[in-house]
Amino acid sequence: MNKRKPNSRLIVFSLFLTILLVYSLCFNKILFHPSNLKIIKGEDKNLDISFPFSIDYGKEGNIVKPIFNEGQKYFKKSYSINGTEIGETKFQLKFLGLIPVKNYNVNIVNRPELIPAGNSIGVSINTKGVLIVAITDVIDIEGNRISPAKDAGLKVGDSIVKINNEKIVTAEQVVSILNNVKEEKVRITVLRNKGEFDTVAVPVQSLQDNSYRLGIWVRDKTTGIGTLTYYNMNNNTFGALGHGITDVDTGELLEVENGLVMKARVSDIQQGKKGDPGEIKGVFYKTDQVIGDIKLNNEFGIYGNLKDEYVDKELEKPMKIAFKDEVEEGKAHILTTLDDNKIDKYEIEILKTTRQDKVSQKSMVIKIKDKRLLNKTGGIVQGMSGSPIIQNDKIVGAVTHVFVNDPTKGYGLYIEWMLNQEDKQ
């Protein structure tokens with residue numbers, strides 16, 4: 001009986017498809033790798049790039065040293081680079097040494113060190129101007145229903161920063177000015193979406209108490225509890241919360257005129273449950289407990305300066321940070337304050353990391369694993385935001401948000417993104 005000979009063309013074609021599939025997987029992985037790289041001076045950076053791809057350093061490679069890593073198999077050979085000097089450079093990834101595939105921008109830096117915190121803090125923020133939290137009608141002394149604020153184009157979420165060119169700081173100041181001018185037109189300078197514009201309104205005498213009103217409810221400050229993330233010894237700055245402070249009524253991010261951070265004492269813990277994230281409740285006093293000033297409030301946290309005496313007494317030793325592409329899925333821990341106002345270490349797991357070339361809040365997904373913490377809080381609760389995340393003896397990020405339907409899980413923000421905010425103060 002004759003055996004059929006294998007079709008040589010089919011074998012070659014199958015082999016070609018297999019090789020093409022392997023190369024396609026490598027190519028897809030490379031395309032989604034960040035184009036902007038930070039490399040630590042003196043440390044090797046594995047680029048996970050293998051044959052048939054190669055790196056062309058051109059004339060830009062004078063501050064990096066290429067390293068070719070030999071593997072057991074040809075496809076396991078890969079490239080690493082070592083930063084020899086501080087500075088910026090570029091290189092190009094090529095296919096078979098000929099076809100350009102991707103450009104890389106490389107920044108050679110020293111690895112920053114920060115002091116990890118985890119301290120519970122009280123936060124008090126004075127807004128820029130006064131924030132409009134509600135707009136209502138005013139019933140004047142003749143019984144007419146009028147809304148001067150609506151007529152002037154004012155909206156909830158606007159901040160009034162000036163009235164008749166007088167800088168507005170407090171809600172009481174608005175009341176005083178309106179009752180002084182009475183029924184005269186007032187020029188109002190409004191801050192909306194980071195831009196200012198002027199409008200005109202006429203106060204109305206209220207039937208309720210004979211005072212002059214525009215039909216607005218305003219707020220000039222807010223307070224709350226959070227967690228200190230880090231202290232930067234190089235410039236005396238701190239970062240905390242990992243997310244911005246928003247107004248409870250409008251949901252708008254508060255524009256900071258000035259603010260304070262204070263020592264806080266945990267007074268009670270409301271456990272988190274499905275649909276209810278829970279809360280750390282605390283008390284703080286402005287008298288002799290002020291530990292620093294707030295200079296910036298944005299969607300990635302609050303930032304400012306701490307007093308030297310607080311740093312010397314309350315904070316520990318510096319720790320190196322991990323850059324975003326060094327953070328791994330797996331075991332880690334957080335530092336936070338619960339019992340006896342003492343910072344403690346609690347085990348977590350980093351479930352997912354996100355490759356991000358631009359700053360974003362949701363950098364990683366984390367899960368609380370420590371039974372002690374789960375028994376006390378049920379997971380991540382309000383007030384825990386800002387707790388530093390530590391992995392492999394490096395600060396990698398901060399806790400930011402909780403999953404409402406699963407309090408054991410939440411989001412973390414890369415510490416690299418928090419450090420980038422310092423220049424905006």
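What you see is a predicted model; the values in this text were computed from it and never measured.
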Under the 3.5 angstrom rule, does the side chain of [X] hit a backbone N or O of [Y] as a donor-acceptor pair?
| X | Y | value |
| --- | --- | --- |
| Asp276 | Lys273 | no |
| Ser363 | Ser360 | yes |
| Asn297 | Leu254 | yes |
| Thr227 | Gly383 | yes |
| Glu314 | Lys263 | no |
| Thr127 | Gly129 | yes |
| Asn126 | Gly259 | no |
| Asp220 | Ala171 | yes |
| Thr377 | Leu373 | yes |
| Ser385 | Val399 | no |

Under-4.0 Å salt bridge between [X] and [Y]:
| X | Y | value |
| --- | --- | --- |
| Glu326 | Lys394 | no |
| Lys324 | Glu416 | yes |
| Lys167 | Glu257 | yes |
| Lys371 | Glu347 | no |
| Lys345 | Asp370 | no |

Could you check whether any side-chain heavy atom of [X] comes within less than 4.5 Å of a side-chain heavy atom of [Y], counting everything from C-beta outward?
| X | Y | answer |
| --- | --- | --- |
| Asp137 | Lys150 | yes |
| Leu260 | Ile291 | no |
| Ile225 | Ser120 | yes |
| Leu335 | Ile389 | no |
| Trp217 | Ile132 | no |
| Ile294 | Ile125 | yes |
| Tyr411 | Val365 | yes |
| Arg213 | Pro203 | no |

Decide if atom [atom1] of [X] counts as having more than 12 heavy atoms of other residues, nucleotides or ligands within a radius under 6.0 Å.
| X | atom1 | value |
| --- | --- | --- |
| Glu316 | CD | no |
| Arg145 | CZ | no |
| Asn193 | CG | no |
| Asn375 | CG | yes |

So which atom in [X] and which in [Y] form the shortest heavy-atom distance, rounded to 0.1 Å?
| X | Y | result |
| --- | --- | --- |
| Pro116 | Met319 | CD-CB, 4.0 Å |
| Ile163 | Ile168 | N-CG1, 3.8 Å |
| Val381 | Gly278 | CB-C, 3.7 Å |
| Ile121 | Ala264 | C-CB, 3.6 Å |
| Asn298 | Gln421 | ND2-OE1, 2.9 Å |
| Ala117 | Leu228 | CB-O, 3.1 Å |

Once you round to the nearest 0.5 Å, how far does [atom1] of [X] lie from [atom2] of [Y]?
| X | Y | atom1 | atom2 | answer |
| --- | --- | --- | --- | --- |
| Tyr303 | Leu419 | OH | CG | 8.5 Å |
| Ile216 | Ile135 | CD1 | CD1 | 7.5 Å |
| Ser206 | Leu214 | OG | CG | 12.0 Å |
| Thr337 | Met384 | OG1 | CE | 10.0 Å |
| Asn119 | Leu315 | CG | CG | 5.5 Å |
| Leu338 | Tyr346 | CG | OH | 4.5 Å |

Exercise for the section: Would you check if there is a donor-acceptor pair between the side chains of Trp417 and Gln361 at a distance under 3.5 Å? Expected result: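 Side-chain D/A pair, Gln361 to Trp417: absent.
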Practice task
State whether a side-chain donor-acceptor pair under 3.5 Å links Asp293 with Asn305.
Solution key: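 Distance-only check fails for Asp293 and Asn305.
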Problem - Full working for ring pair (Phe, Tyr, Trp, His ring centres under 6.0 Å) between Phe323 and Tyr414 - result: CA-CA 8 Å; Phe323 290 110; Tyr414 291 138; over 10 Å; no
Practice task
Starting from the C-alpha separation in whole Å, work towards a yes-or-no answer on side-chain contact (heavy atoms from CB on, under 4.5 Å) for Leu154 and Val190.
Solution key: CA-CA 8 Å; Leu154 298 177; Val190 179; 3.5 Å; yes
Practice task
Given side chain to side chain donor-acceptor pair (under 3.5 Å), test Gln382 with Gln270 step by step and report yes or no.
Solution key: CA-CA 9 Å; Gln382 296 177 40; Gln270 179 184 331; over 6 Å; no
Exercise for the section: Decide side chain to side chain donor-acceptor pair (under 3.5 Å) for Glu88 and Asn105; before the verdict, give the C-alpha distance in whole Å, the side-chain angles of both, and the deciding distance to 0.1 Å. Expected result: CA-CA 8 Å; Glu88 296 182 358; Asn105 299 309; over 6 Å; no
Practice task
Return the orientation label for the His243 and His401 ring planes: parallel under 30°, perpendicular over 60°, tilted otherwise.
Solution key: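 The rings of His243 and His401 sit tilted, inter-plane angle from 30° to 60°.
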Problem - Verdict with reasoning, Ile395 to Ile390, per side-chain contact (heavy atoms from CB on, under 4.5 Å) - result: CA-CA 5 Å; Ile395 307 173; Ile390 314 295; 3.9 Å; yes
Problem - Steps toward side-chain contact (heavy atoms from CB on, under 4.5 Å) verdict (Asp344, Arg372) - result: CA-CA 11 Å; Asp344 209 345; Arg372 296 173 301 149; 3.2 Å; yes
Practice task
Evaluate the side chain to side chain donor-acceptor pair (under 3.5 Å) criterion for residues Lys367 and Thr408: first the C-alpha distance (whole Å), next the side-chain angles of each, then the deciding distance (0.1 Å), finally the verdict.
Solution key: CA-CA 6 Å; Lys367 181 178 178 66; Thr408 66; 3.1 Å; yes
Exercise for the section: Show your working on side-chain contact (heavy atoms from CB on, under 4.5 Å) between Leu351 and Lys409 and close with a plain yes or no. Expected result: CA-CA 9 Å; Leu351 298 178; Lys409 295 179 182 179; 4.0 Å; yes
Handout entry: Tyr231-Tyr310 aromatic ring centre distance below 6.0 Å
Key =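 They do not qualify: ring centres at least 6.0 Å apart.
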